[in-house]
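Some notes on the structure that comes next.
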Number of protein chains: 2
Amino acid sequence: MTDKSVVITDIIDNLRRVFQILNEQSKKVEKDTGLTGPQLWTIKVINENAPINLSYLAYRLYLHPTTVGGIIDRLETRHLVKRTRSKEDRRVVWIELTAEGKSLVKSAPEVAQGLLVAGLEELPVLNLKDIDKSMKNLVKIFGAQKTPPKLIRSTEINYPLRKIKTERSKGSKT
Amino acid sequence: MTDKSVVITDIIDNLRRVFQILNEQSKKVEKDTGLTGPQLWTIKVINENAPINLSYLAYRLYLHPTTVGGIIDRLETRHLVKRTRSKEDRRVVWIELTAEGKSLVKSAPEVAQGLLVAGLEELPVLNLKDIDKSMKNLVKIFGAQKTPPKLIRSTEINYPLRKIKTERSKGSKT
DNA sequence: TTATTATAGTAGGCATACCTATTATTTGCA
DNA sequence: TGCAAATAATAGGTATGCCTACTATAATAA
C-alpha cells in the first residue's frame, strides 16, 4: 500500500466516522426532543419560511420532495405542522407550524445541529478555517465528478433533482 | 453573524454536501453493478474475512447487527452469499460468498468507494494530508462529546453499540 | 378552445439503519 | 447438576431517503 492510499483510506474511514457520529447525534436529539434530527431541521426551516410549499421546502432541505412528504406526514400526525391547499393554485399545499409546533421551535432552537455547532464553536477560528478549507476541497473533489443542477441562494448545493421551479427560481432544466 | 459562525455554517453545509454526493455515488454504483454501495462493501468485507459471523461482520462494517442482517438477507436471495449454521456453536451462523458472489467481487473490485477514491487519488499527497488532518480534527471534535465503546484493531470506530464481544475482542461493557 | 405539456403533491415500493423483543444456545456459577 | 446470565441471530417496528407511477391542476401551443 502506498503512502497515498494509506492517507486515502484514512480519510474515508474518518468520513464514515463522521457519518456515524452525526447519526448518533441525531438519535440523541431525538431522545431530548422527541423529534428526529431531520424532523427538527424541517420544522426550523418551515418556521423561517412559513408558509412554504412542499417542493420549495424540499429544495431548502436538499431532500427529495417525497422524502419531505413523509416527514411532513409524521409531523402532521404529531400536530406540529398543518397543510392548507392553496386557493390560487390548487396544486399547491402550504405548510406551516401549528401553535404547538411554534412553541417547540422556540424551546429547542438550535438542537438540530446543536452539539455539532457547539463542538465547532470551541475551536479557534484559525483551526476552523483549516477545516473549512479541507471540507471545501473534499466537496470540490467529489463534486467535480458530478455536479447537479446548480443552485441559487448563498448556499448552492447538490440537489437531488426533479427540476424544481418555484417562484424564486425560474430556471430551465433538461 | 460572527465571522466564526459563518465558517461553522459553511463547514456544516459542506458536510451535508459531502453526504449528498456520497449518496449519489452509491446510486451510481448500484446502476453499474446491480448492488447498492453497502451491499458491495459488505461483500468485499466478507470476501476478505470469510467465513465470518454476523456480529463480527457488523463490527467490521461499523453497522448494527440487525442492519447487516437485512443486507445479508438481500444478498442471500440474490445467491451471492450463503449462511451456514456453525456446528461448534449452534448460535453462530457463518457467512461466506457463493461462487457467484466471488466472481462478482473480482469483477467489481473497487467500485464501492471507487470514484471517491479516484477523486482523492488525483490530489497531491500534501493536499491529502491536509484533508486528512482536518477530517481527524472533525472526528475529534464530534467524537469528544460522545465516544462510544472504544475499539480495537487499526481503525477504531464509532460502533453503534450492542456490546460486541467476538473471539478477537474480549472486553467488557456497561 | 382544445390538446399537449408541465408542475405539485401523493401513493406505493425498496434499501438502510436503528431499536426493542424473542428464541436458541452456551457459559458460568452455586 | 441445574439454573441464571450472556451471547448470536432473528423478528417486527419506525424513520430516512430514494424512485416510479399517478392524479389533479395549470399553462402553453396549435
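Each chain gets a letter, A, B and so on, in the order the sequences are listed, and its residues count up from 1. The figures here come from the full heavy-atom set of this structure, side chains too, leaving out hydrogens, waters and symmetry mates.
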Q: Taking only the side-chain nitrogens and oxygens of B/R85, find out if one of them lies under 4.0 Å from OP1 or OP2 of D/dA9.
A: no
Q) So which of A/L104, A/V105, A/I52, A/T42 actually passes side-chain contact (heavy atoms from CB on, under 4.5 Å) with A/N47? A) A/V105
Q. When you measure from the side chain of A/S86 to the backbone N and O of A/V93, does any donor-acceptor pair fall under 3.5 Å?
A. no
**Q.** Whole-Å gap separating C1' (C/dT16) and CG (B/L63)
**A.** 9 Å
Q.
Quick check on DNA chain D: between A/G70 and B/V93, whose nearest nucleotide comes earlier from the 5' end?
A. B/V93
Q. Given that B/G69 and A/E88 both sit by DNA chain D, which one's nearest nucleotide is further toward the 5' end?
A. B/G69
**Q.** Rounded interatomic separation in angstrom, taking CD1 from B/I71 and C1' from C/dC18
**A.** 12 Å
Q) When rounded to the nearest 0.5 angstrom, what is the spacing between CZ in B/R78 and CD in B/Q39? A) 5.0 Å
Q: Using whole Å, report how far CD1 of A/I72 lies from P of D/dA15.
A: 14 Å
Q. For the pair made of CD in A/E76 and P in C/dA11, what is the distance, rounded to whole Å?
A. 11 Å
Q) If only side-chain N and O atoms of A/T67 are considered, is one of them under 4.0 Å from the OP1 or OP2 phosphate oxygen of D/dC18? A) yes
Q. What is the distance from CD of A/Q39 to P of D/dT16, rounded to the nearest Å?
A. 4 Å
**Q.** B/V92 side-chain proximity, nearest of D/dA8, D/dT16, C/dG9
**A.** D/dA8
Q) Where the side chain of B/R90 is concerned, which of D/dT10, C/dT10, C/dT26 is the nearest nucleotide? A) C/dT26
Q | Straight-line distance of A/H79 NE2 to A/L97 CG, nearest 0.5 Å | A | 14.5 Å
Q: Starting from P on C/dT25, measure out to CG on B/N53 and report it in whole angstrom.
A: 17 Å
Q) Just how far, in rounded Å, is P of C/dT27 from CG of B/D89? A) 6 Å
Q | A/S55 side-chain N/O to C/dG9 phosphate OP1/OP2 under 4.0 Å | A | yes
Q. Looking at the side chain of B/R91, which of C/dA15, D/dT20, D/dA8 is the nearest nucleotide?
A. D/dA8
**Q.** A/T66 side-chain proximity, nearest of D/dC18, D/dG12, C/dA17
**A.** D/dC18
Q: Starting at CD of A/E76, measure out to CZ of A/R83 and round the result to the nearest 0.5 Å.
A: 4.5 Å
(Q) Please pick, from D/dC19, D/dA9, D/dA15, the nucleotide with the shortest atom-to-atom distance to any side-chain atom of A/H64. (A) D/dC19
**Q.** Length of the line joining B/L54:CG and D/dA9:P, which is rounded to integer Å
**A.** 5 Å
